[in-house]
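Quantities reported herein were computed from a predicted structural model and do not represent experimental measurements.
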Amino acid sequence: MATAVPLSAVRAAEGSKSDILSKPEHVDVLHMLNLLKFIIPMLSEKVNYKLLSQLSKLLDSHFSPLTRHIFDVLADLLKFTRAKLIVPEVEEIIASLVSYVSFHEKNPPDTIVSAMKLLICAMGKLHEVEPSRWIQMLPSVFVPLAGFLRHESEPARQAAVAMIQITSNLDETFLSATSDQLSDDRMKSTPQSSAIKEICTAIENNLDTSHGIPDEQTLTIVSHLFLKLGKFSSLFMKGILFNLSKHVVVVDEDIPSMKHLQDCIGSAVIAMGPDKILTLIPVSLHAEKLSCSNFWLIPILKKFVVGASLKYFIDHIVPLAKSILKSCSKFKKMHLGQDLHACASGLWELLPAFCRYPTDTSQSLKDLSTILIAALKEDSYTHEAIAMALQELVNANKEILRDSHASSHYTKKIASRNIKALASNSMSLLQPLTDVFLCSPPQKRAYLKEAISCLASITDSSKIKDLFISSLGRAHLMTEVIESEKPRSSSHETSEGRTSKNEQKESRRNLVVELASSFVTGADEDLTNTLFSYIKTSLEATDAIHRSDAFCCLRRIFEEHPWFYSSRFDELMALLLQLKSDRDIISLKSRLACLQFLLVHLLKSNSENSNEKAFLILNEIIFALKDSNKEAREAAYDTLLMVTNSLKGSVSANSDACLQQLFNMILGYLSGSSPYIMSGAISALSLFIYKDPDLIFSLPDVMPSISVLLQSKSVEVVKAALGFMKVLVSCLQAKELQKLLNDVVNGVLPWSSVSKNHFRAKVRLIMEIVIRKCGLDLVESVTAQKYWSFIRKIEEQRHSNVGAKGSRTSVAATQIADSSAKGLRKRKWERHADVEQNVSRFSTVQKEKRRKTLEGTTYRKDKQSKPFDNGKNKSSWSKNSHRMGRQSGGRRVSTTAKPTGLKDRKMGRVKDTKRQTSKRPALDTKSPKNRRFGKKWG
C-alpha cells in the first residue's frame, strides 16, 4: 500500500500511461488490486475493514491509473462487509466519491458511473446504522448529482438512478416526529427539515434554469420526491409545483412530453391531496375574462385523486360548480356560456374520483345523497358522473370485503361501515335513479343501469320488489302478467292502430325488462320469481326480434342464481325450446347461454330421462353450428366450449364421466340420417380436437366413424369430414400423428381425384401437412400405389416452394419481380388486344366496302356505317345478303359468284367484279341456301 499511495496521486495524462506502468513496483500494485477482487469474499470482516481504511486513503478527486481498480475493490468490500463494522470509514469514502463526481468534466465517464454506484451502496450502509447521520449527509450527495440532470449522457442517466435510490429511504417518519412544529417558522432549524429543504431547492434551481418542459428523468425524480414526502411535500415542494404548473399553461397538450408532466403533477395530487392542490392552484371563476382559471388541473385530478374527503367535494366543488353554472345564463354570447358550462360539468366529473376510497364515507354520505338527489332531478349533465360515483363507492367497498385488498388506511372495518351507510341511503337514491332511467334514451341507460344494479345488490329485496312493481305501474304494464293468463278476446281495432300500440307497448316492455335485469344481483327467491314471471310474459308476448333484452335478463338470472334453474328446470327448458331467436344474434347468444346452464345441470345430475333432454338441447346447439350467419356459428362454438369448461372445472368426482357422456352423445349424431345434423356433429368434434388434440386418443370411436363418413355420398358430410382431418393433422404432433397415419391417408386420398367442391385442394393441403410432419417415406409406406404419383408431386412442389423462398429478402425481391412481370404481361396483352381490335375493325370496314362494291355502289366515306362489333353483329352479312338482289345500274348482282376468300378479306383485296356480274336473273334471296351462304361468310 505504501507504493500505491504515490501512484494514486499521479494524474493520468495523455502519453504518460506507459511511462507510469513501466516501473515494476507500479505493476505489482495493479496485480495486488486485481488479486484482492478474487479473495475478498474469503477474507474475514476484520481484514476487510483494514483494507477499506487503506483504500479510502487512495481515493482522490482526479483520475489516476489505479482509480478503476480501486473502485472495483471498494464495491466488493462494501458488498461483503457488514454495515456496522465499516460505518466509521464510510463517511470518508462518501466524501471522496462526491469529490470525484464533482470533477466530472475532467474524469472519464465510465469512472463517474462507477463512483455513483459506490455512492448508492455506501449511503445504504450508512442508513442501516445511523439514519440521522444519513439524513445530514444526504444533501451533500444529492446536490452534486442534481447538476448532471442538465446533460444528456450516460453519467446523467446514472445520476438520476442514484438520486432515486439514495432518497428511497426517505419517508414521512423523518418528519412525523416533529410534525407539530412543521407549521412553525422554527421548522427550518431541524436537521431533517433542513436537509429536505436543501434537496428540494436543488431540484427547483434545476427547473428554473431549464428551458421548456423538463426532461423525463428530471420529472421522474420530482415525482419520486412528491410520493416520498407525502403530505409534507406541500411545505417543501410548493415552488416546484408552481414551476411545473407554468409549463402546463404555456405548452401545447399534444407534445409527447406533456404526458410525463401531467403524471408528475398527478404524483403531487396523490401526495398532497386534492384539497392542498386546489388551495395552491385554485380552480375559480374569472369574472373579468369570463373563464375558469386553472381548468387544466381538472383532468389530472380526475385521474389521480385517491383517498380524498367527500366533505371537501360537498363544501367546495359543488358550490363552485353551481356558481359557474349560474353565470352561464348572464352571457349572451353562446360560446362563452358553453365554455362555462363545460367547466361546471368538469367539476361534477370529479365526483367519481372523490368517491375512490374516500376517508369519510359513513360521515358524509347523508349530505352527499341529498345533493345527488337534487342533481338527478334538475341537472341532466350530472347523471353520468353520479352513476359512475355510486358504482365506485359500492364496488370499492365490496372488493375490500371480498378480496382482502385492505390497507392500513382503508381496512375491512371501514369498508363494512361504509356498506351499511350506503345500504341505509340506497332507496332514497334508487327512486330518482329509476325515474331518470325510465325517461332516458338508450345511450344513457347503460351507466344508469349499472349504478342501479350496484345499489340494488346491497338493498333489501322486499324494497326492490316494491320499486319494481311501482315501475310497472309507471310504464302502464301493471296488469300485463294477469292479462297474459286470460284468454285473448277478439278485437275490432284496425291493423295500423294495433301495430302502433303494439310497438309502443313493446318499447315500454323492453325498458322494464332492462330495468329488471339490474335488480337481479342480490335478489332473494321471492324477488327472483317475480322478475322471472315478468320476463316469461315478455318472452311469450314479444316477437322474436324484440326478445334480446328478455333473454339477456334470463341469462343474468341463471348466472347469479344457480338454484333457480335447478328448481324450475322443466318449465325453463320448455320455454327455451319453444322460443326461437334466429333473426337476432344477441338473443341467440343469450338463449344458447341459458341452454348451456341447463345442459351442464343435466349432465351432472344423472337423473332419469336426462339423455333425452340433453339431446334436445344439443339439437339446438348443433343446428346453430350449421347456421349461415358466422356470428351464430361462433355463438354455438362458444356454447360448446363453455359446457366443456364448466364440466372440467367442476369439483365433483364424476366430472370426467360427464365429459365422456357429452362426447358420446355427440358421436351418436354421426349415425344419424340427416347429413345436416351429421356435418354439424363433425364440426363440434373438430372444435373439441382443436382445443384438446389428445382427446382423439381417449375417444377410440371417432376415427373409424370419420373414415366411414368419408365414404358418404353426401357432399356436406364429406366436406365436414375433410375439415375434421385438416384440424386433426394440424393440431397433433408428429409422433401422435404417426399413430393415426393409416386412417388419415387412406381416408382422404380417395377424394384426391375429385376437383368439385374443392375436394382435391383440401386433400392436397392435408397431405402436405402430413408429409411435412411424418416424411414422404413413411407416408408412402401406408399409401396405395395408385396415389404415389399424387403425393410425390405434392412433395416436389413443396420442396420447390421452399427452395424458391430462400431468405426474406429474396422472397420480397421475387414477389416484386413477379408483380412486375405480371404487370408487363398485362400491358402487353392489353396492347395486343388493342391491335387485334383495330385489325378486326379494319376487316369489317373492308367487308363493308366489298359488299357495296358487289352491289355496284360506290363506297363513300361520309356514308360509312359504324364498324361491326365482334360478337354483336355476327349475322351482319346474312342480313345484308337479303338485299343483294337489288339492281345497281340496271343490272343485278350475281349471287352465284364465290365469296371472297379469307386471305383476300384480311388483306383488304377485292376480286374483279366485272366477271362476277351477268344479265341473268338474280337468285331468290329468300332461299335457304343463300341464307346459309350469308351466315357462313358474313
Any donor and acceptor pair, going by atom type alone, linking the side chain of [X] with main-chain N or O of [Y] inside 3.5 Å?
X    : Y    : value
T81  : L78  : no
T361 : Y357 : no
N206 : A146 : yes
K773 : S730 : yes
N107 : F63  : yes
K228 : S168 : yes
T201 : K197 : yes

Tell me, with the steps shown, if N418 and I414 meet side chain to side chain contact (heavy atoms under 4.5 Å, CB included).
CA-CA 6 Å; N418 292 342; I414 294 175; 3.6 Å; yes
If you round to the nearest 0.5 Å, how far is [atom2] of [Y] from [atom1] of [X]?
X    : Y    : atom1 : atom2 : value
L149 : D215 : CG    : CG    : 7.0 Å
F236 : L241 : CZ    : CG    : 15.5 Å
C121 : M123 : SG    : CE    : 12.0 Å
W296 : S245 : CH2   : OG    : 5.0 Å
L77  : K79  : CG    : NZ    : 12.0 Å
L365 : L393 : CG    : CG    : 7.0 Å

Could you tell me whether the side chain of [Y] reaches within less than 4.5 Å of the side chain of [X], counting heavy atoms only?
X    : Y    : answer
N294 : P282 : yes
F304 : D263 : yes
L126 : I94  : yes
V129 : V90  : no
W134 : L170 : yes
K311 : Q363 : no

Run the side chain to side chain contact (heavy atoms under 4.5 Å, CB included) check on L244 and L261 step by step: do they pass?
CA-CA 7 Å; L244 296 176; L261 181 59; 3.7 Å; yes
In terms of relative ring orientation, are F103 and H62 parallel, tilted or perpendicular, with 30° and 60° separating the classes?
tilted
Candidate pair T220 and S223, rule side chain to side chain donor-acceptor pair (under 3.5 Å), full reasoning:
CA-CA 5 Å; T220 303; S223 299; over 6 Å; no
Would you say the side-chain atoms of D360 and S364 include a donor-acceptor pair closer than 3.5 Å?
yes
Are T67 and S64 linked by a side-chain donor-acceptor pair shorter than 3.5 Å?
yes
Side-chain donor-acceptor distances from residues 155-165 under 3.5 Å, at least two apart:
| residue | atom | partner | partner atom | Å |
| --- | --- | --- | --- | --- |
| R157 | NE | E154 | OE1 | 3.4 |
| R157 | NH2 | E154 | OE1 | 3.2 |

Output all residues satisfying side-chain hydrogen bond (donor to acceptor under 3.5 Å, both in side chains) with N395, sequence neighbours left out; order by chain, then residue number.
none
Applying side-chain hydrogen bond (donor to acceptor under 3.5 Å, both in side chains), name anything that partners N34, two or more places apart in sequence or on another chain.
H69
Which atom of [X] lies closest to which atom of [Y], heavy atoms considered:
X    : Y    : result
P358 : L310 : CB-CG, 3.8 Å
L207 : P214 : CD2-CG, 3.4 Å
E392 : C355 : CG-O, 3.5 Å
L401 : S416 : CD2-N, 3.9 Å
I281 : L297 : O-CD2, 3.6 Å
V394 : C454 : CG1-O, 3.6 Å

Which residues satisfy the salt bridge (charged side-chain N to carboxylate O under 4.0 Å, His left out) test with D110, sequence neighbours excluded?
R68
Those residues that, when tested against K302, pass salt bridge (charged side-chain N to carboxylate O under 4.0 Å, His left out) (two or more places apart):
E349
Over 12 non-hydrogen atoms of neighbours within 6.0 angstrom of OH in Y312:
yes
Within a 6.0 Å radius of atom NZ on K398, are there more than 12 heavy atoms belonging to other residues, nucleotides or ligands?
yes
Can L229 and C200 be said to form a side chain to side chain contact (heavy atoms under 4.5 Å, CB included), step by step?
CA-CA 11 Å; L229 295 179; C200 295; 4.2 Å; yes
Contacts of F71 meeting ring pair (Phe, Tyr, Trp, His ring centres under 6.0 Å) (sequence neighbours excluded), chain-then-number -> Y100
With respect to I199, which candidate in I221, L225, I166 satisfies the side chain to side chain contact (heavy atoms under 4.5 Å, CB included) definition?
L225
Which of these, L33, L66, I93, sits in a side chain to side chain contact (heavy atoms under 4.5 Å, CB included) with L55?
L33
Report the C-alpha distance between V87 and K125 in whole Å, list the side-chain angles of each, state the deciding distance to 0.1 Å, and finish with yes or no for side chain to side chain contact (heavy atoms under 4.5 Å, CB included).
CA-CA 7 Å; V87 163; K125 294 286 185 180; 5.9 Å; no
Salt bridge D72-K37, side-chain N to carboxylate O under 4.0 Å:
yes
